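Comments concern the structure below.
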Amino acid sequence: MYVGMMCTAKKCGIRFQPPAIVLIYESEIKGKIRQRIMPVRNFSKFSDCTRAAEQLKNNPRHKSYLEQVSLRQLEKLFSFLRGYLSGQSLAETMEQIRRETTIDPEEDLNKLDDKELAKRKSIMDELFEKNQKKKDDPNFVYDIEVEFPQDDQQQSCGWDTESADEF
């Protein structure tokens, strides 16, 4: 049976022994809740989680089931599996994933290589999408006007006054 867009993902998780991604989904044709177990093969504590997530998401056998599951979520699940295979506790793995998936506002992104920069940008994009208010949201307001308090003493910038004399 070809599933193509005929299922709605409900939950996605990881099974450690034997390694597998477990997807709970609802079949839209029959309205039944089903479980799909996708075995994880050739994955070790040295494997790249991003690559493994991409391969699973693009696998022809699982592609239609994983359309609604984000690549970031699959990467996290593979990170849990890698932590388990490395002998880390669940708490240690969760802390490591939290450090990898949060943005430090003081971090200089200019010093990162292209791969790490792309990772940080995708995290920022995901946060933006999550926090964005859309027209359909109940708290959406079209035109918000905000009055910012004005200090009596406005500080002038040195570059602003100097450049005005030059023109």
Side-chain angles (χ1 to χ4, degrees), residues 3-14 21-29 31-34 36 38 48-59 62-83 88 90-167:
V3 177
M5 300 276 296
M6 299 299 208
C7 66
T8 304
K10 297 292 184 185
K11 295 180 185 178
C12 192
I14 187 105
I21 300 290
V22 181
L23 178 71
I24 308 290
Y25 67 95
E26 182 177 357
S27 173
E28 291 181 5
I29 295 173
K32 292 184 179 179
I33 302 292
R34 298 186 176 264
R36 182 171 181 86
M38 296 162 269
D48 182 7
C49 296
T50 304
R51 187 165 175 240
E54 288 171 352
Q55 286 177 343
L56 183 67
K57 193 162 174 80
N58 294 326
N59 184 319
H62 309 302
K63 191 173 187 171
S64 58
Y65 293 95
L66 295 173
E67 281 180 0
Q68 298 171 338
V69 180
S70 72
L71 191 61
R72 170 93 42 233
Q73 184 177 3
L74 288 174
E75 286 177 31
K76 282 183 183 178
L77 293 175
F78 278 107
S79 295
F80 278 112
L81 180 59
R82 186 174 60 191
Q88 290 181 328
L90 192 57
E92 291 171 332
T93 305
M94 287 177 71
E95 177 59 27
Q96 180 182 355
I97 290 171
R98 187 196 61 74
R99 281 192 312 252
E100 290 175 357
T101 58
T102 53
I103 303 292
D104 179 14
E106 301 299 320
E107 182 179 27
D108 187 0
L109 299 177
N110 292 320
K111 295 180 181 177
L112 298 177
D113 62 3
D114 289 344
K115 186 177 179 182
E116 282 298 313
L117 182 62
K119 191 174 182 180
R120 297 293 196 293
K121 284 183 176 183
S122 71
I123 292 169
M124 287 188 258
D125 288 343
E126 188 176 301
L127 280 170
F128 175 77
E129 290 292 327
K130 188 172 101 177
N131 294 326
Q132 181 182 18
K133 295 217 188 236
K134 298 181 177 101
K135 289 182 180 180
D136 301 337
D137 293 339
N139 297 337
F140 178 78
V141 179
Y142 176 70
D143 190 18
I144 299 177
E145 292 185 15
V146 178
E147 291 287 330
F148 292 100
Q150 294 289 328
D151 292 340
D152 291 336
Q153 296 177 339
Q154 287 187 344
Q155 296 177 352
S156 64
C157 297
W159 63 268
D160 195 22
T161 55
E162 292 172 10
S163 63
D165 297 337
E166 294 175 8
F167 293 109

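Just the heavy atoms: all of them, side chains too, but no hydrogens, waters or symmetry mates, feed the values below. Everything numeric here is computed off the predicted structure, so don't read it as measured data.
Atoms CD1 and CG, from Ile21 and Leu77 in turn, are 4.5 Å apart once rounded to the nearest 0.5 Å. With rounding to the nearest 0.5 angstrom, the NZ atom of Lys76 is 7.5 Å from the CD1 atom of Ile97. Considering CG of Asn59 and OH of Tyr65, their distance stands at 12.0 Å, rounded to 0.5 Å. Within the model, atoms CZ of Arg82 and CG of Asp48 stand 7.5 Å from one another, a figure rounded to the nearest 0.5 Å. Note that NZ of Lys63 is 9.5 Å distant from NZ of Lys57, once rounded to the nearest 0.5 Å. The SG atom of Cys7 sits 6.5 Å away from the CD atom of Gln68 when rounded to the nearest 0.5 Å.
Among all heavy-atom pairs drawn from Arg36 and Tyr25, the shortest one is CB-CE2, 3.8 Å. Scanning all heavy atoms of the two residues, the minimum distance from Val69 to Cys12 falls at CG1-SG, 4.1 Å. Minimum heavy-atom separation, Ala9 to Leu23: CB-CD1, 3.9 Å. The shortest heavy-atom contact between Phe80 and Met94 is CE2-CG, 3.4 Å. Taking all atoms of both residues into account, the shortest heavy-atom contact from Gln96 to Gln88 is OE1-NE2, 3.1 Å. Contact between Leu74 and Leu66 at its shortest, heavy atoms only, is CD1-CD1, 4.4 Å.
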Given the rule in the side chain to side chain contact (heavy atoms under 4.5 Å, CB included) test, do Ser122 and Arg72 qualify, once you have shown the distances and angles that lead to the verdict? CA-CA 9 Å; Ser122 71; Arg72 170 93 42 233; 2.3 Å; yes
Check the pair Arg98 / Glu95 against salt bridge (charged side-chain N to carboxylate O under 4.0 Å, His left out), numbers first and verdict last. CA-CA 5 Å; Arg98 187 196 61 74; Glu95 177 59 27; 2.6 Å; yes
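Atom CZ of Phe128 has 12 or fewer neighbouring heavy atoms from other residues, nucleotides or ligands inside a 6.0 Å radius.
Every residue was checked against the salt bridge (Lys or Arg N to Asp or Glu O under 4.0 Å) condition with Asp125, not counting sequence neighbours, and none meets it. Considering only residues two or more places apart in sequence or on other chains, Glu92 meets the salt bridge (Lys or Arg N to Asp or Glu O under 4.0 Å) condition with none of them.
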For residues 106-120, which side-chain donor-acceptor pairs fall under 3.5 Å, sequence neighbours excluded?
from: Glu107; atom 1: OE1; to: Arg120; atom 2: NE; distance (Å): 3.2
from: Glu107; atom 1: OE2; to: Arg120; atom 2: NH2; distance (Å): 3.0
from: Asp108; atom 1: OD1; to: Asn110; atom 2: N; distance (Å): 3.1
from: Asp108; atom 1: OD1; to: Asn110; atom 2: ND2; distance (Å): 3.4
from: Asp113; atom 1: OD1; to: Glu116; atom 2: N; distance (Å): 3.0
from: Glu116; atom 1: OE1; to: Arg120; atom 2: NH1; distance (Å): 2.7

